[in-house]
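Report on the following structure.
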Amino acid sequence: MSSETSDTLDQAMVRSSGLDTLLRDLTDRAVQEVPGAEACSITVRRAGRLLTLAGSDGMPSGLDLRQYENGSGPCVDAAETGEEQYSADLAEEARWPSYTEYALSAGVRCVLAVPVAVEGESGAAINFYGVRAGALGTGREAARAFAARSGDAIDVALRIERRRQSAADVRTALLSRSVIDQAIGILMARERIDARIALERLRRASQDRNVKLRDLCGQLVARVSAPDSRRGK
């Protein structure tokens with residue numbers, strides 16, 4: 001990918017509200033650039049399961065989900081095998097019978113799923129849908145070129161999402177540590193015990209009540225901080 005294209009993608013990421021917007025824009029662009037494509041979606045395997053990261057405007061609802069549920073379909077096969085899947089006419093397709101029936105009922109007649117190499121993920125594909133038999137035949141080269149260019153954009157978006165998730169996990173951990181420390185301090189003051197014993201008591205109470213330690217500590221801190229509790233002291 002050229003530096004100019006990379007800059008454009010980075011700028012789009014800054015302008016966008018995040019992963020969803022960037023990838024939705026990507027799928028909309030795919031429909032504009034690939035002859036015969038009426039809709040496009042992006043499939044990625046994450047946490048051991050396939051999911052659709054984004055779909056273009058006009059993408060029939062459930063079209064990819066039906067494949068994931070059945071474990072069979074062009075985007076599933078493309079993501080899992082790394083091999084391009086193409087059906088010029090689903091009305092004559094025998095490879096994915098249950099999916100084919102659903103796709104035809106949704107008005108889809110032609111499907112092309114192109115695998116995409118995505119960093120840190122075990123399978124991905126960009127899926128193109130046409131409404132006429134053979135509609136994507138002349139657009140296959142354009143679809144492959146678009147998929148090759150899009151790999152970098154998908155990588156950027158997923159890296160940003162992972163960083164955000166990591167930051168959120170850190171914030172959650174810090175908040176949990178803070179409320180646990182507050183609860184320990186409350187027990188130390190009330191019972192005149194040291195921090196180790198206070199923590200052991202909180203852990204036992206958490207296990208006995210089948211409540212997460214963080215939640216138990218939060219309840220204790222909330223009770224002590226409540227206005228009625230302060231007035232009663």
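Rounding to the nearest 0.5 angstrom, the gap separating the CG atom in Asn127 from the CG atom in Asp64 is 5.0 Å. We find the CG-CD1 distance between Asp215 and Ile180 to be 9.5 Å, quoted to the nearest 0.5 Å. Atom CD in Gln207 sits 11.0 Å away from atom CG in Leu216 (nearest 0.5 Å). The CG atom of Leu199 sits 4.0 Å away from the CZ atom of Arg203 when rounded to the nearest 0.5 Å. Distance check, rounded to the nearest 0.5 Å: CD of Glu84 to CG of Asp77 gives 12.5 Å. Here the CG atom belonging to Leu136 is positioned 4.0 Å from the SG atom belonging to Cys110, to the nearest 0.5 angstrom.
Two different hydrophobic clusters hold Val76 and Val44 under the rule that ILVMFWY side chains link at heavy-atom gaps under 4.5 Å. No chain of hydrophobic side-chain contacts below 4.5 Å, direct or via other Ile, Leu, Val, Met, Phe, Trp or Tyr residues, connects Leu112 to Val131. Hydrophobic clustering (side-chain heavy atoms under 4.5 Å, transitive across Ile, Leu, Val, Met, Phe, Trp, Tyr) keeps Ile42 apart from Val31.
Inter-residue side-chain proximity for Glu200 and Ile193 is flagged as unmet; no heavy-atom pair is nearer than 4.5 Å. Side-chain contact between Leu50 and Arg45 is present, with heavy atoms from C-beta onward closer than 4.5 Å. Counting heavy atoms from C-beta outward, Pro74 and Tyr86 have side chains that stay 4.5 Å or more apart. Looking at heavy atoms from C-beta onward, Arg29 lies in side-chain contact with Leu26 at the 4.5 angstrom threshold. Proximity of Ser150 to Ile126: side-chain heavy atoms (C-beta onward) are separated by under 4.5 Å at one or more points. Between Thr52 and Tyr68 the shortest side-chain heavy-atom distance falls below 4.5 Å. By the 4.5 Å heavy-atom criterion applied to side chains, Arg24 and Asp57 are counted as neighbours.
Listed by chain and number, the hydrophobic cluster partners of Leu104 are Met59, Leu63, Leu90, Trp96, Tyr99, Tyr102, Val108, Val111, Tyr129, where partners are ILVMFWY side chains within reach of under 4.5 Å, directly or through others.
Judged by distance alone, with hydrogens and angles left aside, the side-chain atoms of Asn70 form no donor-acceptor pair with the main-chain N or O of Ser72 at under 3.5 Å. Distance alone, capped at 3.5 Å, places no donor-acceptor pair between the Ser41 side chain and the Gly55 backbone.
Scanning both residues, Ile197 and Asp194, for their nearest heavy atoms gives N-OD1, 2.9 Å. Scanning all heavy atoms of the two residues, the minimum distance from Ala183 to Val221 falls at N-CG2, 3.9 Å. The shortest heavy-atom contact between Leu202 and Cys217 is CD1-SG, 3.9 Å. Shortest non-hydrogen contact noted between Ala78 and Pro115 is O-CB, 3.6 Å. Minimum heavy-atom separation, Thr27 to Ala54: CG2-O, 3.9 Å. Smallest separation of non-hydrogen atoms from Ala79 and Thr43: CB-CG2, 4.4 Å.
Using modelled atom types, one finds a donor on one side chain and an acceptor on the other under 3.5 Å when comparing Glu93 with Ser87.
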Evaluate the criterion side-chain contact (heavy atoms from CB on, under 4.5 Å) for residue pair Gln219 and Val211; output intermediate values, then yes/no.
CA-CA 10 Å; Gln219 294 167 10; Val211 176; 4.3 Å; yes
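In terms of the salt bridge (charged side-chain N to carboxylate O under 4.0 Å, His left out) criterion, Glu83 has no residue partners (sequence neighbours excluded). Partners of Ala189 under the side-chain contact (heavy atoms from CB on, under 4.5 Å) rule, at least two apart in sequence or in another chain, do not exist in this structure.
Annotation for Glu191: atom CD counts as buried by contact number, over 12 foreign heavy atoms lying within 6.0 Å. Within 6.0 Å of atom CZ in Arg95, more than 12 heavy atoms from other residues, nucleotides or ligands are found, so the atom counts as buried in its surroundings.
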